[in-house]
Amino acid sequence: MKTLKTVTILFSLFILVSLIFMSCYSVRIKVANGVGGEPDDTEREDDLSGLLVRELDTIVTVKLTTNENPINIRDCKSGSLHSVEYKSTFGGVLLYVVTFGRKRTVKVKYVCTKKQIIGDSL
């Protein structure tokens, strides 16, 4: 009986550790041959240093019907994006599991392209 309890505890611990390590990830999409991003005087230490990075934290609700619920980005004056980073955290996965897939926490960092003058070459 004692070994069954030990096996159950070890299995539960294994599942918990697996969820923690598999649930935190980040995906970055960047345009390679377009206009550069909006410049900014930031002291960042990553690939986006020198660019104006905007962040969006929101909870997306998914319904049973197939209606999409897009995340609208309205503050890009140029109308286009230079790079987008989507981040998933352990808390976001827990919310997803607890709500049976109906709500998802989304953390998005994005950089808009600088406004191009018409007739200006790339």
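The one candidate from L10, I9, L4 that meets the side-chain contact (heavy atoms from CB on, under 4.5 Å) condition with T6 is L10.
Sequence neighbours left out, the pairs with a member in residues 80-101 that pass salt bridge (Lys or Arg N to Asp or Glu O under 4.0 Å) are R28-E85.
Between R54 and K109, every side-chain heavy-atom pair lies at or beyond the 4.5 Å cut-off. Residues D75 and Y110 meet the side-chain proximity criterion, which asks for heavy atoms closer than 4.5 Å. Between V7 and K5 there is no side-chain heavy-atom pair separated by less than 4.5 Å.
Contact between G37 and V111 at its shortest, heavy atoms only, is CA-CG1, 3.9 Å.
A distance of 12.5 Å separates OG1 of T8 from CG of L13, quoted to the nearest 0.5 Å. Here the OG-CD1 distance, from S83 to I29, works out to 10.0 Å after rounding to the nearest 0.5 Å. Atoms CG and OG1, from L51 and T113 in turn, are 11.0 Å apart once rounded to the nearest 0.5 Å.
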Check your understanding: Given the rule in the side-chain contact (heavy atoms from CB on, under 4.5 Å) test, do V108 and E55 qualify, once you have shown the distances and angles that lead to the verdict?
Key -> CA-CA 6 Å; V108 180; E55 296 185 20; over 6 Å; no
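Both L56 and V27 are members of a single hydrophobic cluster when ILVMFWY side chains are connected at heavy-atom separations under 4.5 Å. Cluster membership for V106 and L81, using ILVMFWY side-chain heavy atoms within less than 4.5 angstrom, is shared.
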